[in-house]
Amino acid sequence: MAKQQAEAGANYIDINVATGHGDKEPSDMEWAVKLIEQVTDIPLAIDSSSQEAMEVGLKTCSKQTPLLNSVSAEPGRLKPFLDLAEKYQTPAVALPIKDSGIPPSAEERLDVCKLITEEAAKRNIAPERLYFDPLVLPLGVDSANPSVTIDTIRKVKEQITGAKTLIGLSNVSYGLPNRKLLNQIFMALCIQAGLDAALLNPTDRSTMGVLKATEALIGTDQMCINYLKAYRQGLLKD
Amino acid sequence: MSLYEQISLAVQKGEIEEVGSLSKQALEEGNNALDVLNSALMPGIEIVGEKFGRDELFIPEVMMCAQALQAGINTINPFLTKEQSSYKAKIVIGTVANDVHDLGKNLVKMMFTANGFEVIDMGVDVSAEKFAAALEEHKPQVLGLSALLTTTMPEMSKTIELINSKGLHNGLQIMVGGAPVTEDFAKEIGADFYADNAIEAANTVKGMI
């Protein structure tokens with residue numbers, strides 16, 4: 001699977017081995033990192049909420065600098081994880097979640113992003129190394145949810161110079177029919193607001209097509225070079 | 001169509017105001033409040049639950065239906081005697097300590113409400129002690145624990161241990177759920193049942209009562 005995803009154009013491969021039996025997670029993480037590094041040279045994203053598994057994962061990566069996924073402002077999740085990003089010189093995914101949960105408004109999410117940026121700066125981690133995930137809650141639960149995500153992307157890009165943004169795509173369509181349609185159009189709207197990266201299935205050619213087409217349409221893909229390149233590689237599908 | 005059928009249909013369509021006004025009309029016509037509940041409102045919401053399970057209705061629609069049911073219950077509640085509680089069972093629900101994720105828990109809560117259960121929502125980051133205190137205060141038939149992080153799953157185990165040690169597990173069914181939680185894990189920590197999703201949670205509780 002990792003091989004297929006690499007060939008399809010993934011920039012990172014996310015590794016999450018959590019099962020709830022916390023004691024096994026660090027050794028499972030070590031096993032997975034070693035195994036995947038045997039089949040691909042693509043950088044890995046170490047995805048864990050356990051500090052110990054995170055450190056083992058980062059330490060084990062031998063080919064490329066991994067991505068730390070993720071730090072947040074939740075109890076125990078901010079300083080220790082930023083310390084690891086400092087120690088292993090990695091970029092990090094940052095979530096605007098705090099003690100009381102996911103802030104409902106874009107303004108409050110931006111405030112948490114700023115707080116994480118400040119803590120990161122104390123460790124010489126520049127905003128360029130932070131990928132803010134504005135958090136995507138299902139449209140089906142509240143019609144305002146996608147707009148809050150889009151507004152958060154826009155505010156982070158405007159107010160935290162250099163910071164990157166990233167989203168997990170599929171959550172937005174949870175509980176609704178024809179999910180792919182919603183996912184793809186939501187992604188296009190987020191890209192227009194300044195989204196830099198998305199977690200998606202790169203072997204899904206129609207979603208990759210929407211990504212390339214959106215970048216061409218909003219003018220970030222100058223002279224449609226990447227769009228045409230993807231076309232010649234057979235990565236686009238109507 | 002009878003008035004009861006109209007009420008049931010209005011619940012199924014999520015017509016909040018109509019459910020309220022039709023329920024009021026039913027009472028004015030001399031119908032017994034408990035009968036309106038059991039023969040009009042509940043049959044409506046049960047059909048909603050079934051349709052949700054078959055992907056014929058979707059979350060936003062179910063939320064509207066749950067609100068419509070609530071409008072009906074609010075209308076008839078003052079006319080029910082204390083013994084005729086409008087709810088089939090009482091459920092205490094919450095996300096465990098150090099975990100602030102509430103989306104899944106809220107969906108489960110919605111499905112419980114839509115199935116006519118009384119839900120006491122403790123919110124997020126709820127300690128074992130707070131859960132135990134809520135059990136003593138509310139005496140529910142069911143306790144629902146949610147965790148979204150592998151690092152907070154052990155809190156479920158801690159909570160159940162405390163409940164057992166206080167002798168509060170007697171007559172109480174404990175259910176656990178959340179993205180990383182599995183059936184095996186539920187068994188291991190001594191939970192009574194596990195639900196994979198909100199609809200399964202509601203169906204399991206319905207089956208118990």
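If you're wondering where the values come from, they're calculated on a predicted model, not measured in any experiment. Here is how names work: the chains are called A, B, and so on, in the same order as the sequence lines, proteins then strands, and each is numbered from 1.
- When the shell of 6.0 Å around NZ of A/Lys157 is examined, it contains more than 12 heavy atoms from other residues, nucleotides or ligands.
- Among the residues in residues 102-123 of chain A, none has a non-hydrogen atom closer than 4.5 angstrom to a non-hydrogen atom of chain B.
- Here the CG atom belonging to B/Asp99 is positioned 7.0 Å from the CD atom belonging to A/Glu74, to the nearest 0.5 angstrom.
- For the options A/Ser48, A/Ser143, A/Gly140, A/Ala53, heavy-atom pairs under 4.5 Å to chain B are most numerous at A/Gly140.
- Around CD of B/Glu136, the count of heavy atoms belonging to other residues, nucleotides or ligands within 6.0 Å exceeds 12.
- With chain A as the partner, the residue from B/Thr95, B/Leu149, B/Val100, B/Val62 showing the most heavy-atom pairs under 4.5 Å is B/Val100.
- In this structure, OG1 in B/Thr150 is found 7.0 Å from CG in A/Asn16, a value given to the nearest 0.5 Å.
- For B/Lys90, the NZ atom is densely surrounded, since the number of other residues' heavy atoms within 6.0 Å is greater than 12.
- In this structure, B/Lys13 places its NZ atom where only 12 or fewer heavy-atom neighbours from other residues, nucleotides or ligands lie under 6.0 Å away.
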What verdict does the side chain to side chain contact (heavy atoms under 4.5 Å, CB included) test give for A/Ile97 and B/His101, after you've listed the backbone C-alpha separation in whole Å, the side-chain angles of each residue and the deciding distance to 0.1 Å? CA-CA 9 Å; A/Ile97 307 178; B/His101 298 86; 4.0 Å; yes
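- Scanning all heavy atoms of the two residues, the minimum distance from A/Tyr174 to B/Ile59 falls at CE2-CD1, 3.7 Å.
- Atoms CG and CG, from B/Leu103 and A/Leu135 in turn, are 11.0 Å apart once rounded to the nearest 0.5 Å.
- Annotation for B/Gln6: atom CD counts as buried by contact number, over 12 foreign heavy atoms lying within 6.0 Å.
- The neighbour count for A/Lys63 NZ, taken as heavy atoms of other residues, nucleotides or ligands under 6.0 Å away, is above 12.
- With a threshold of 4.5 angstrom between heavy atoms, A/Asp99 approaches chain B through N, CA, C or O but not through any side-chain atom.
- Here the side chains of B/Asn106 and A/Val141 are not in contact, with every heavy-atom distance at 4.5 Å or above.
- Within 6.0 Å of NZ on A/Lys180 lie more than 12 heavy atoms contributed by other residues, nucleotides or ligands.
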